Each structure stands twice: as C-alpha cells, then as structure tokens.
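Working notes for the structure below.
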Protein chains: 2
Amino acid sequence: MDEKITLTDCPDCVNFNLRKAMRAVSQHYDKILAPTKLRCTQFTILTILNRIGTVSVTELAEYLVMDRTTLTRNLKPLEKEGYLSIIPDVTDKRSRRIALTNKGKAAQEMAMPYWQQAQSEMVVFMGERNTKQLITCLQQLSTIHQFL
Amino acid sequence: MDEKITLTDCPDCVNFNLRKAMRAVSQHYDKILAPTKLRCTQFTILTILNRIGTVSVTELAEYLVMDRTTLTRNLKPLEKEGYLSIIPDVTDKRSRRIALTNKGKAAQEMAMPYWQQAQSEMVVFMGERNTKQLITCLQQLSTIHQFL
DNA sequence: TCCATCTATGTGTATATACACCATAATAAA
DNA sequence: TTTATTATGGTGTATATACACATAGATGGA
C-alpha cells in the first residue's frame with residue numbers, strides 16, 4: 001500500500017537517471033566518433049546546420065533547449081576549425097547568422113558513418129520498438145519548459 | 001518501404017534527444033532547487049551518500065557511470081562547503097573514503113522537499129506510467145558500457 | 001524626435017564532463 | 001624477494017552547461 005512512494009524515492013529521480021544514462025550514451029557515441037575528432041555535441045550542431053541551413057544564435061539555442069551563452073561557447077571550437085561561418089545579419093546588426101562552411105559540411109559527411117555505427121549499436125541494444133518509444137518520451141521531456 | 005531509415009535519421013539520434021531532454025529536465029530541477037544553493041548534480045551526490053554511506057571515489061564513480069576524474073572535480077565544491085569528509089582508507093593507503101558530514105546530511109534533508117516538488121511536477125507532466133517506463137529504459141541505457 | 005523598453009549577443013564565473021598523463025601503493029609473477 | 005603489472009587517485013587541458021551582468025541595436029510610445 002506504500003506503492004506511491006516509489007516515484008518519490010531518490011533512485012527513481014528522473015533527473016538522476018537521465019543524467020546517468022546521458023553519460024553512458026554520450027561516452028558510447030564519443031568513443032565511436034573519436035577518429036573523426038568530433039565530439040557528439042559538435043557532430044549534432046554540424047548535422048543540424050547541414051539540415052536547416054543558416055540560423056541565428058538564439059534560434060539554434062531555442063531549438064536545442066540550450067542556454068544562448070552555452071551555444072556561444074560551443075560554437076567556438078567549431079569556428080576555430082573553420083567548420084562554421086558566422087556573419088552579421090544584414091537587416092539586424094545585433095544578430096549573427098551561423099552557417100556551415102564547405103569544410104564543415106565535409107566534416108559532417110565524413111563523420112556520418114561513425115554516427116550511424118554508434119546509433120545502430122544503440123538500436124540493437126535497446127530494440128527498435130523501445131528506441132522509438134524512448135525518443136518519443138524524450139521529445140516530450142524536452143518541451144517541459146513550455147508548460148512548467 | 002523506406003521505414004527503416006527512420007531510426008538512422010539524425011533527428012532520431014538517441015544521444016541528441018537524450019542530451020536535449022537532459023538539459024530541459026536539469027534546468028527544471030535546478031530552477032526549483034535554486035533556493036537550496038545546491039545544483040541537481042550536487043543534490044544527487046549528497047543523497048546517494050546519505051543512502052549508501054561511505055564509499056571510495058572509484059566505487060561512487062562506477063555507480064554514477066562517471067569518469068573518476070569527473071567525480072573528483074564534482075566533489076570539490078561540496079568539500080569546500082563542508083558537506084563531505086574525505087578520509088584516507090586504513091587498509092589501502094591509496095584509497096580515499098567519502099562520507100557525508102552532519103552539515104552535509106542537514107543540507108540534503110533541507111533540500112529534499114524542493115527535490116520532491118521538482119520530481120512530482122515531472123511525474124504529473126509525464127504521467128506516472130510513462131515515468132516508470134522511462135526510468136526502466138534509462139536504467140538499461142546506463143549499462144551499455146557493460147555490453148558494447 | 002527622444003527616451004524607455006525590449007531584443008540579440010557576448011563575458012565573467014562556476015560547475016560538469018572526460019581524456020591523456022603522472023604518481024603512488026597494492027598485488028601478482030618471476 | 002625483486003620486479004612487472006594492476007589499481008587508486010590526482011592534474012592539465014579542453015569542451016559543455018548555465019546564471020548574472022554588460023553592451024549595443026531595434027522598437028514603440030510620448
């Protein structure tokens with residue numbers, strides 16, 4: 001009859017389990033991505049830019065549910081490598097538009113097979129059905145700031 | 001018939017969705033924990049120590065699926081606040097045993113209601129059934145290094 | 001027009017994370 | 001017992017993350 005306590009018990013902390021799983025999973029992707037000299041977070045940014053094209057810092061940060069200033073710091077090493085071109089917006093002088101360079105596009109495409117390897121191992125490990133369910137759940141979690 | 005591509009598509013990257021959700025969820029917990037001056041990661045460590053008692057750095061790091069050296073850095077601010085006592089092991093001179101101090105125990109107990117608030121809002125948002133399913137899934141993810 | 005406000009971005013600071021490398025102590029092999 | 005290996009832990013360096021604060025440009029009302 002004390003079943004209710006389960007989810008208010010600390011080992012059931014959503015945040016704890018999420019961060020712990022994140023560490024395990026990111027370590028997995030990073031290990032496989034190592035030969036590309038790209039970290040998983042960097043590969044993510046390059047891939048998104050390759051997809052959606054030019055964006056402002058604020059737009060991209062909102063999409064990533066990431067603090068603006070965090071993104072600014074994350075862009076630094078990619079910019080230093082010449083993977084990004086950051087150009088001032090013509091209509092709004094405050095805004096800076098981020099886009100992939102050819103070098104960045106090439107790096108993303110070079111890294112793609114490594115990502116696919118890491119991802120497919122994940123799917124095998126979890127099962128395709130569980131993986132889809134998990135992603136749906138995670139996507140809902142990512143919107144929590146809109147409601148709370 | 002191209003259904004198979006779904007899970008190898010970048011928006012379905014397990015790592016990307018996991019990190020994005022982690023940011024959203026940790027921001028939620030951190031916002032509610034703010035009055036306690038504890039970050040969610042710090043609350044986690046205090047809570048675990050309150051539970052399992054004295055442990056070595058390596059043991060705790062393994063439990064957290066965290067690099068040893070990361071944990072070393074994470075312990076620093078807690079030690080500075082006097083929440084932890086770190087004493088050398090008697091039998092093994094290399095090892096250091098980490099334990100909560102009374103001050104640390106008090107801080108954990110003071111923060112507990114804030115955590116419960118954050119957690120219960122999470123459960124309401126996700127639904128109890130989904131939350132349990134999610135946690136089961138995350139716990140499995142946390143073990144991937146044992147298999148891959 | 002002028003000023004108050006809002007918006008886009010960056011810096012300073014602190015913590016979180018992991019890898020490469022180093023030092024020391026315990027343990028096993030020769 | 002001596003040496004090689006393994007285990008425990010820390011530092012240096014780099015990236016990831018977010019908050020408080022500062023700056024500059026856009027916007028709207030007086």
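Nothing here was measured: the structure is a model prediction, and the numbers come from that model. Within every chain, numbering begins at 1; the chains are lettered A, B, ... in the order of the sequence lines, protein sequences first and strands thereafter.
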Closest contact, heavy atoms only, [X] versus [Y]:
X      : Y      : answer
A/C13  : B/Q119 : CA-OE1, 3.6 Å
B/K103 : B/G82  : CB-O, 3.8 Å
A/L46  : A/A107 : CD1-CB, 4.4 Å
A/L71  : A/L64  : CD1-CD1, 4.1 Å
A/P11  : A/F16  : O-CD2, 4.2 Å

Separation of [X] atom [atom1] from [N] atom [atom2], in whole Å?
X     : N      : atom1 : atom2 : result
A/K76 : C/dT9  : NZ    : P     : 14 Å
B/I87 : D/dG9  : CD1   : P     : 13 Å
B/N15 : C/dA18 : CG    : C1'   : 14 Å
A/L75 : C/dG10 : CG    : C1'   : 12 Å
B/L84 : C/dT15 : CG    : C1'   : 15 Å
B/L71 : C/dT15 : CG    : C1'   : 13 Å
B/L60 : D/dT8  : CG    : C1'   : 14 Å
B/K20 : D/dT17 : NZ    : P     : 13 Å

At under 4.0 Å, does any side-chain N or O of [X] touch on OP1 or OP2 of [N]?
X     : N      : answer
B/T72 : D/dG10 : yes
B/T69 : C/dA18 : no
A/N74 : D/dT15 : no

Residues from residues 34-44 of chain B lying under 4.0 Å of DNA chain D - heavy atoms: none
Within residues 24-31 of chain A, those residues having any heavy atom closer than 4.0 Å to DNA chain D are none
Decide yes or no for B/R97 and B/P88: does some side-chain heavy atom of the first lie under 4.5 Å from some side-chain heavy atom of the second? no
Roughly how far apart are [X] [atom1] and [Y] [atom2], rounded to 0.5 Å?
X     : Y     : atom1 : atom2 : value
B/L18 : A/R19 : CG    : CZ    : 11.0 Å
A/I98 : A/T54 : CD1   : OG1   : 9.5 Å
A/Q27 : A/M22 : CD    : CE    : 9.5 Å

Nearest-neighbour nucleotide for the B/T70 side chain, D/dA26, D/dT15, C/dT17 considered: C/dT17
What nucleotide, of D/dA16, D/dC19, C/dT15, holds the atom closest to the side chain of B/P77? C/dT15
Which pairs of donor and acceptor atoms, one on a side chain in residues 30-41 of chain B, lie under 3.5 Å apart (sequence neighbours left out)?
from, atom 1, to, atom 2, distance (Å)
B/D30, OD1, B/C40, N, 2.8
B/T36, OG1, B/L33, O, 2.5
B/T36, OG1, B/L38, N, 3.1

Protein and nucleotides 3-8 of chain C: nitrogen or oxygen contacts under 3.5 angstrom:
from, atom 1, to, atom 2, distance (Å)
C/dT7, O2, A/R94, NH1, 2.3

Determine whether a donor-acceptor pair (one donor, one acceptor, N or O, separation below 3.5 Å) exists between the side chain of B/R73 and the base of D/dT15. no
Test of understanding: with salt bridge (Lys or Arg N to Asp or Glu O under 4.0 Å), list the residues that count as partners of A/R68, not counting sequence neighbours. none
I'd like a table of donor-acceptor pairs (distance under 3.5 Å, sequence neighbours excluded) in which one partner is a side-chain atom from residues 138-148 of chain A, with atom names and distances.
from, atom 1, to, atom 2, distance (Å)
A/S142, OG, A/L138, O, 2.9
A/T143, OG1, A/Q140, O, 2.7
A/H145, ND1, A/S142, O, 3.2

